[in-house]
Engineer: 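Structure provided below as structure tokens; questions to follow.
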There are 2 protein chains.
Amino acid sequence: MKKNPSLVDVARRANVNISTVSRTIHQTGKIGAETQARVQKAMHELGYKPNRVARRLRARDVATHLIGLIIPNIQNPFFADLARGVEDVAYRNNFAVMLCNYDEDEKKEHFYLDVMQAESVDGIILPPIHEQDPAVLQVVQNGTPVVCVDRILSSGNLDKVEVDNHSGALEAVKHIIAQGHRRIGIIGGPADSSTGRERLSGYKDAHASANLAVKPELVRFGDFKQESGQRLANELLALASPPTALFVCNGLMTAGALEAIAALGLRIPKQIAIVGFDELPLASVFNPPLTVVRQPAYEVGQSAAELLLKRIADASRAPTSLKLQPNLIIRKSC
Amino acid sequence: MKKNPSLVDVARRANVNISTVSRTIHQTGKIGAETQARVQKAMHELGYKPNRVARRLRARDVATHLIGLIIPNIQNPFFADLARGVEDVAYRNNFAVMLCNYDEDEKKEHFYLDVMQAESVDGIILPPIHEQDPAVLQVVQNGTPVVCVDRILSSGNLDKVEVDNHSGALEAVKHIIAQGHRRIGIIGGPADSSTGRERLSGYKDAHASANLAVKPELVRFGDFKQESGQRLANELLALASPPTALFVCNGLMTAGALEAIAALGLRIPKQIAIVGFDELPLASVFNPPLTVVRQPAYEVGQSAAELLLKRIADASRAPTSLKLQPNLIIRKSC
DNA sequence: TTTTCTTGTGCAAACGTTTGCTTCGGTTCA
DNA sequence: TGAACCGAAGCAAACGTTTGCACAAGAAAA
């Protein structure tokens, strides 16, 4: 294992003290021009790369150029897009991103939260697993900047970026109703997630504004994974009087529901109409093309990263809360 | 910023030396039973969490439980699956994963390679951007364990996990030929990537074994992103005598090609048949369901992580090279 | 000439670990 | 009664930075 050159090596070669080298790198303090040149030369010759670990250890109070991103599931295209948004902004600002998946598993979320603190990242971006997550609050109290995305935390005065789930769902279900549907099944998210709740409330409000009663048997709660979409769609479609349209609250579950529909041989939209949350890679070329609520996932990631970077630069700024608008893309599935 | 408790705090509270605390944690050296108990108690009361940064700084020669994963694009489902494979294995072994996207951009790849070395990760998993990537070799020479996935490095005797691209493409194109097609367009990957080359060679060999000539105008090279799939499909389909079938060398480009086909209003498979590399989320419920070469992406990630962990544990083991088989899933698009 | 600023540089502490070495009391063995 | 050993715990160095402080030498001010 060849050791990387350190400050000491550079200093020795340039015949100066390590502090001079450090100050040359950071342009802090007064250093004579020709000394700087000598140091630069030595660094170059040795191929010196600062050791980020040592830097982080020493300077708790200084930006270490590392942020953490903890997401439920990288296989969900929504989060993949979001992650790209975060990463692109980070890269432009010379930050590295440490990305972890918690897979909707609270234990895993906590493990990664611990890891990130132990790595002393400059800040963390995450969708909290549910609205009162004491572990996240704990981190905040420790002084680590946190930006919530997608899902929010009920307590805690934090920077956050969310999507207007209520209005997205409202618009979608209004559209479904406008197509003449009266029995509309919903495959929702977990009841304790803010996104799940808000989308459900949009569904309910759309019913209310059309003077339609919500039928409890048409309301199901999934876990945002594909399998639950399939299972719940099957349950709904097996009802004595099944829904004529389905509103599915995320992309993966929509894919699952589509599988169920395909297996049953039902025709879309005649026998069963469907509107899903989240754009999917093949949605526009699907046959029929899918009507979906498109979330600006990439932009959510970007904004969150920008907010986090601002907070890292200035811990005292007032928390900002952004709400991005989704948009209903009407195609042929409803 | 509340400071996390350190070894010193624990030691003070338990009335012992920090070394005793450290040794209690790692069960190294002889520590009396009641001392251990006292230390445990103190750690618990203080909520002590070891500082990973300090640990990494101190112990260059000891596993620091952090591995790096550098991938071209997290928005490509193949890599998302692969990443999950890596992450699951890592998590089971108490390793954290630092994930970065280089977006097929060499400068970005190098930036992240630098970052990971500077973070002194225990090892790195990556698909090299092309076959002779000096930066990667440099890292290897520095003594950092590296496992290549998906794409390989021509020099360097490394652990690697690849997919049998040649046989996957061969089988797929043989199937296309067996369906009666004689003019088969290929939308390939970059010519300097091993995956691109191998898939192309499978395409050629399938032609050869059927005594078919490869028509140069039917061979196009994309960049594994969606846009290029769309553009090249349009080019191919605009030919004076267009292909009757398309073989598309990755999932994102397949989605792009599908867009082009949909825009042209062509019917699959009658007017244009299509087989793509990579399974896609909606492929099985697509209309018609897509015939694809499924790559065991998750398993590639798993195996790579296992290999890397083994190498971290024992630097002197002989490099292992794994080749996983893809399988052709015949559905209705060809 | 002496005093007071600059300017450029070095010294050394600190961050939180891990670990080789030392120390110290107590057994065991001759 | 020593010599030799052993088990338990402490001391201090090291990892590679950053940074407050000290210091020397020359310049400016008195």
Side-chain angles (χ1 to χ4, degrees), chain A residues 1-39 42-43 46-66 114 117-122 143, chain B residues 1-39 42-43 46-66 114 117-122 143:
Chain A
M1 180 107 171
K2 193 163 44 177
K3 196 160 99 17
N4 282 334
S6 75
L7 271 193
V8 181
D9 302 313
V10 176
R12 192 153 32 214
R13 178 175 261 260
N15 254 309
V16 295
N17 187 273
I18 52 166
S19 57
T20 304
V21 179
S22 176
R23 286 193 252 259
T24 303
I25 293 172
H26 297 292
Q27 294 295 334
T28 147
K30 314 276 184 182
I31 307 289
E34 89 273 30
T35 310
Q36 293 215 22
R38 210 166 62 244
V39 170
M43 291 201 305
L46 258 45
Y48 170 75
K49 304 267 173 56
N51 180 317
R52 295 171 62 100
V53 176
R55 200 208 295 276
R56 280 227 294 294
L57 176 60
R58 165 59 217 234
R60 314 183 55 76
D61 44 343
V62 113
T64 60
H65 282 213
L66 177 66
D114 279 355
Q117 286 202 275
E119 292 284 354
S120 48
V121 296
D122 290 322
Chain B
M1 180 108 169
K2 193 162 45 179
K3 197 160 100 18
N4 283 332
S6 76
L7 271 192
V8 180
D9 301 313
V10 176
R12 192 154 31 216
R13 178 174 259 261
N15 254 310
V16 294
N17 186 273
I18 53 166
S19 56
T20 305
V21 180
S22 176
R23 285 192 251 260
T24 303
I25 294 171
H26 297 294
Q27 295 294 333
T28 146
K30 315 276 184 183
I31 306 289
E34 91 273 27
T35 309
Q36 293 215 22
R38 209 165 63 243
V39 171
M43 290 201 304
L46 258 44
Y48 171 75
K49 305 266 171 60
N51 181 318
R52 296 171 60 99
V53 176
R55 199 208 295 275
R56 279 228 294 295
L57 178 59
R58 165 58 219 234
R60 314 182 55 76
D61 44 343
V62 113
T64 59
H65 281 214
L66 177 66
D114 279 354
Q117 285 201 276
E119 292 284 354
S120 48
V121 297
D122 289 323

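Letters go in sequence order (proteins before strands), and every chain restarts at 1.
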Engineer: As a quick check of understanding, evaluate side-chain contact (heavy atoms from CB on, under 4.5 Å) for A/Val21 and A/Tyr48, giving each step before the final call.
Structural biologist: CA-CA 11 Å; A/Val21 179; A/Tyr48 170 75; 5.5 Å; no
Engineer: Mapping A/His26 and B/Val16 onto DNA chain D by nearest heavy atom, which one lands closer to the 5' end?
Structural biologist: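 Going by which nucleotide is closer to the 5' end, it is B/Val16.
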Engineer: Taking only side-chain N and O atoms of B/Thr20, does any of them lie within less than 4.0 angstrom of OP1 or OP2 on D/dG10?
Structural biologist: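 Yes, within the criterion.
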Engineer: Using whole Å, what does the distance between atom P of nucleotide C/dT19 and atom CG of B/Leu57 come to?
Structural biologist: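 Roughly 13 Å, once rounded to whole Å.
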Engineer: Figure out the CG/P separation between B/Leu7 and C/dC15, and round it to whole Å.
Structural biologist: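 One finds 13 Å between P of C/dC15 and CG of B/Leu7, rounded.
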Engineer: Mind calculating the distance between CG (B/Asn4) and P (C/dC15) to the nearest angstrom?
Structural biologist: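 Rounded to whole Å, this separation is 14 Å.
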Engineer: What residues form a side chain to side chain donor-acceptor pair (under 3.5 Å) with A/Glu119, not counting sequence neighbours?
Structural biologist: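 If we apply the side chain to side chain donor-acceptor pair (under 3.5 Å) test to A/Glu119, skipping adjacent residues, the hits are A/Arg56, B/Arg52, B/Arg56.
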Engineer: Below the 4.0 Å mark, does C/dT18 have OP1 or OP2 next to a side-chain nitrogen or oxygen of B/Arg23?
Structural biologist: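 No, because none of the side-chain N or O atoms of B/Arg23 sits under 4.0 Å from OP1 or OP2 of C/dT18.
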Engineer: May I ask you to say what A/Thr28 touches in the nucleic acid, namely base, sugar-phosphate or nothing, with a heavy-atom cut-off under 4.0 Å?
Structural biologist: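 The answer is nothing, as A/Thr28 stays clear of every strand by at least 4.0 Å.
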Engineer: Is the shortest side-chain N/O distance from A/Asn17 to OP1 or OP2 of C/dC11 below 4.0 Å?
Structural biologist: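 Result: yes.
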Engineer: Please check the phosphate of C/dG16 (OP1 and OP2 only) for any side-chain N or O of B/Arg58 closer than 4.0 Å.
Structural biologist: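 It does not, given that no N or O in the side chain of B/Arg58 lies less than 4.0 Å from OP1 or OP2 of C/dG16.
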Engineer: In whole angstrom, give the distance that lies between atom CG of B/Asp9 and atom P of C/dC15.
Structural biologist: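 Atom-to-atom, B/Asp9 to C/dC15, this comes out as 10 Å.
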Engineer: Out of A/Asn15, A/Ile31, A/Val16, which residue meets the side chain to side chain contact (heavy atoms under 4.5 Å, CB included) rule with A/Val39?
Structural biologist: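 Going through A/Asn15, A/Ile31, A/Val16 one by one, the side chain to side chain contact (heavy atoms under 4.5 Å, CB included) with A/Val39 is satisfied by A/Val16 alone.
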Engineer: Give the angle between the helix axes at the two ends of the helix from C/dT1-D/dA30 to C/dA30-D/dT1, taking five base pairs at each end and rounding to 10°.
Structural biologist: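 Rounded to the nearest 10 degrees, the bend comes out at 60°.
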Engineer: On a heavy-atom basis, which atom in A/Ala14 and which in A/Ala42 lie closest, and how many Å separate them?
Structural biologist: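 Looking at all heavy atoms of both residues, the closest pair is CB-CB, 3.9 Å.
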Engineer: Between A/Met43 (CE) and D/dG16 (C1'), how many Å, whole number?
Structural biologist: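 Computing the A/Met43:CE to D/dG16:C1' distance gives 15 Å.
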Engineer: How many angstroms lie between CG in B/Leu57 and OG in B/Ser120, if you round to the nearest 0.5 Å?
Structural biologist: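 Interatomic distance, B/Leu57 CG to B/Ser120 OG, rounded to 0.5 Å: 7.5 Å.
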Engineer: Base, sugar-phosphate, or nothing: which does B/Ser19 touch, judged by heavy atoms less than 4.0 Å apart?
Structural biologist: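 Counting heavy atoms under 4.0 Å across all strands, the contact made by B/Ser19 includes a base.
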Engineer: Atom OG1 in B/Thr24, atom CD1 in B/Ile18: separation rounded to 0.5 Å?
Structural biologist: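 That separation rounds to 12.0 Å.
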Engineer: For B/Lys30 and D/dA9, give me the distance from atom NZ to atom C1', rounded to whole Å.
Structural biologist: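 My rounded result for the distance is 14 Å.
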Engineer: Tell me: CD of B/Gln27 to P of D/dA9, nearest whole Å?
Structural biologist: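 The answer, rounded to whole Å, is 13 Å.
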Engineer: Between B/Arg55 and B/Asn51, is any pair of side-chain heavy atoms under 4.5 Å apart?
Structural biologist: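 No, their side chains stay 4.5 Å or more apart.
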Engineer: Once salt bridge (charged side-chain N to carboxylate O under 4.0 Å, His left out) is applied, what residue pairs with a partner in residues 7-21 of chain A remain, sequence neighbours excluded?
Structural biologist: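 The answer is A/Lys3-A/Asp9, A/Asp9-A/Arg12, A/Arg13-A/Glu45.
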Engineer: Classify the nucleic acid contact of B/Ile31 as base, sugar-phosphate or nothing, counting any heavy atom under 4.0 Å across all strands shown.
Structural biologist: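 Since only primed, P, OP1 and OP2 atoms lie under 4.0 Å of B/Ile31, the category is sugar-phosphate.
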Engineer: For a quick check of understanding: with a heavy-atom distance under 4.0 Å over all strands, which category does B/Val53 fall into, base, sugar-phosphate or nothing?
Structural biologist: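 It contacts nothing in the nucleic acid.
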Engineer: Which is more 5' along DNA chain C, the nucleotide nearest A/Gln36 or the one nearest A/Ile18? Just name the residue.
Structural biologist: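 The residue whose closest nucleotide sits nearer the 5' end is A/Gln36.
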Engineer: Which part of the nucleic acid, if any, lies within reach of B/Ser22 when heavy atoms closer than 4.0 Å are counted: base, sugar-phosphate only, or nothing?
Structural biologist: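 It contacts base atoms.
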Engineer: Rounded to the Å, how far apart are A/Asn51 CG and D/dC15 C1'?
Structural biologist: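 One finds 8 Å between C1' of D/dC15 and CG of A/Asn51, rounded.
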